[in-house]
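Below is one structure, written out as structure tokens; the observations come after it.
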Amino acid sequence: MLKAAILSQPKAPLTIEEVVVSKPGPREVLIRTAATGVCRSDLHFVDGAYPHAMPCIPGHEAAGIVEQVGSEVTTVKPGDAVVTCLSAFCGHCEFCVTGRMSLCLGGDTRRKPGEPPRLAFADGTPVNQMLNLSAYAEQMLIHEHACVAIDPEMPLDRACVIGCAVTTGAGAVFNAADVTPGETVAVVGCGGVGLAVVNAAKIAGAGRIIAVDPVPEKREIAKKLGATDAVDATSETAVAEIVELTKGGVDHAIEAVGRPQSGELAVKVLRRGGTATILGMMPLTHQTGLSALDLLSGKKLQGALMGANRFPVEIPRLVDFYMRGMLDLDTIIAERVPLSEINHAFDQLRKGDTTRSVVVFE
């Protein structure tokens, strides 16, 4: 039996309940969870903006220690420190073999219909696994292609945020946008993902990094992480300020919050030939577009699911960046709370004033 945060219906508080976890099957890994970040993506499901089968255990940004492995597991072993990633990949579909692993639908990484569930209540009622992970729990049972071993010296309460926020933000810079040294970058939204974008843009050698957020404290944190300028996202002159700062607009605008007005701002601040990359989970009915004049100006608009990552290679590199002092995860993390305070952490996320909360397990 393990304790987990259960989401039974949208727009309702999570409850801490006991759950039974199955034994690892072929290619499955049982992990003792050490820490899990509280991400806005989870909030979209908790608040009902995105649908999911219930009851379920949210949580997808985690780090822990491997306790057991099933047959055929070759990538990790008991005792390994690991970071999980929701980009579970099969390894043989068209997306995987063409190097676009983050687009893999991952069907082969889940248990097949008719097989016992990975998670269940004591009476046998299945508990749905969210995003291949369900990390708001003392243990996770996942496919080996949903985690990667990392340097055992890496603090796990910081490693966990690499699993989503940093992989997404850094991936947007290094993979999707492919920022070239000297180019200008506007980062719209300075939560956990946005701050990771700022830090990665600094690592990539961006010439000017403009943090755009309505919260003054977040803008100041962004400056600490490498932003050269900061603009109030709610200002009526925000677009004009960014265009003036960059003498015509930015090479890259990266949206990292998932609000329609943020996507629109990202498009408006592009220079000729610039690219807007949308990372946030927009409302399902929303559309963001380019005008005819934007298209004639060579502007581009793209999505980048989880930063278009190849996480088995990239997460260990990001860990190394932290260990070498290049990646500042300590500043991104605002607070650490026990699992019993998960609803408090979501309330903080709804307010939008903090950066990243992390649930820590004893």
Side-chain angles (χ1 to χ4, degrees), residues 1-39 41-48 50-70 73 76 78 80 82-86 88 106 109-147 156-157 160 163-164 336-346 357-362:
M1 300 288 281
L2 60 95
K3 288 184 179 179
I6 303 293
L7 177 63
S8 298
Q9 60 182 24
K11 301 181 181 179
L14 278 68
T15 56
I16 308 301
E17 302 182 39
E18 290 193 335
V19 174
V20 178
V21 62
S22 181
K23 292 183 179 180
R27 308 203 70 181
E28 290 183 338
V29 180
L30 181 66
I31 299 167
R32 173 66 59 177
T33 314
T36 305
V38 182
C39 177
S41 299
D42 290 314
L43 187 61
H44 287 306
F45 293 107
V46 172
D47 286 350
Y50 277 64
H52 197 281
M54 299 185 187
C56 63
I57 302 171
H60 62 274
E61 185 180 78
I65 302 295
V66 175
E67 290 195 323
Q68 296 179 41
V69 299
V73 172
V76 296
D80 280 351
V82 295
V83 170
T84 65
C85 186
L86 66 86
T109 67
R110 294 185 283 272
R111 287 194 172 176
K112 295 177 173 57
E115 293 182 333
R118 288 174 177 166
L119 302 163
F121 290 118
D123 64 2
T125 302
V127 176
N128 292 284
Q129 189 172 37
M130 183 178 284
L131 299 175
N132 301 301
L133 298 173
S134 285
Y136 294 138
E138 293 174 327
Q139 291 176 305
M140 292 175 284
L141 180 60
I142 65 176
H143 193 277
E144 67 171 322
H145 282 176
C147 67
L156 296 180
D157 64 335
C160 68
C164 177
R336 293 167 176 81
V337 299
L339 183 63
S340 59
E341 294 185 26
I342 184 64
N343 291 308
H344 158 77
F346 279 126
S357 298
V358 170
V359 173
V360 291
F361 297 81
E362 296 181 359

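From a predicted model like this one, the values you see are computed outputs, not experimental measurements.
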Can you name the side chain to side chain contact (heavy atoms under 4.5 Å, CB included) partners of V20, sequence neighbours left out?
-> M1

Compare all side-chain heavy atoms of P24 with those of V29 and state whether any distance is below 4.5 angstrom.
-> no

What heavy-atom pair brings M130 and C56 nearest, and what distance separates the two atoms?
-> CE-SG, 3.6 Å

Would you give me the side-chain donor-acceptor pairs under 3.5 Å for residues 5-18, sequence neighbours excluded?
residue: T15; atom: OG1; partner: E17; partner atom: OE2; Å: 2.6

Which residues satisfy the salt bridge (Lys or Arg N to Asp or Glu O under 4.0 Å) test with R110, sequence neighbours excluded?
-> none

In terms of ring plane angle, is the pair Y136 and F346 parallel, tilted or perpendicular, where the classes change at 30° and 60°?
-> perpendicular

Here the pair of heavy atoms bringing G163 nearest to C85 is O-SG, 3.7 Å

Applying side chain to side chain contact (heavy atoms under 4.5 Å, CB included), run through I142 and Q129 and close with a yes or a no.
-> CA-CA 9 Å; I142 65 176; Q129 189 172 37; 3.9 Å; yes

Kindly write out the residues that satisfy side-chain hydrogen bond (donor to acceptor under 3.5 Å, both in side chains) with T33, not counting sequence neighbours, or none if the list is empty.
-> none

Could you pull out all residues at least two apart from H52 that satisfy ring-ring contact (aromatic ring centres under 6.0 Å, His included)?
-> F45

Non-hydrogen atoms of T36 and G59 that approach each other most closely | CG2-CA, 4.4 Å

What are the two closest heavy atoms between M140 and L133, and how far apart are they?
-> CG-O, 3.9 Å

Roughly how far, to the nearest 0.5 Å, is OH of Y50 from CG of L43?
-> 12.5 Å

Report the distance from atom CD of Q139 to atom CG of L30, rounding to the nearest 0.5 Å.
-> 4.5 Å

With N128, which residues qualify under side-chain hydrogen bond (donor to acceptor under 3.5 Å, both in side chains), at least two apart?
-> none

Set of ring-ring contact (aromatic ring centres under 6.0 Å, His included) partners for F121, sequence neighbours left out | none

Side chain to side chain contact (heavy atoms under 4.5 Å, CB included) with S22: which residues, sequence neighbours excluded?
-> R111, L141

Pairs meeting criterion salt bridge (Lys or Arg N to Asp or Glu O under 4.0 Å) with involvement of residues 118-139, two or more places apart | E28-R118

OG-CG distance between S134 and L119, expressed to the nearest 0.5 angstrom = 5.5 Å

For A35, check side chain to side chain contact (heavy atoms under 4.5 Å, CB included) against everything at least two apart and list the hits.
-> D157, C160, V358, V360

Specify the closest pair of heavy atoms between V19 and A120, including all atoms of both residues, with the distance to one decimal.
-> CG1-O, 3.1 Å

So do V337 and I342 actually touch side chain to side chain, heavy atoms under 4.5 Å?
-> no

With side chains defined as the heavy atoms from C-beta onward, is the minimum distance between D80 and I65 less than 4.5 Å?
-> no

Over all atoms of both residues, closest heavy-atom pair of V66 and V69 = CG1-CG1, 3.7 Å

Residue list, side-chain hydrogen bond (donor to acceptor under 3.5 Å, both in side chains) with H60, at least two apart or on another chain = D42

Under the salt bridge (Lys or Arg N to Asp or Glu O under 4.0 Å) test, residues paired with E67 that sit two or more places apart = R32

E341 side chain to P338 backbone, donor-acceptor under 3.5 Å = no

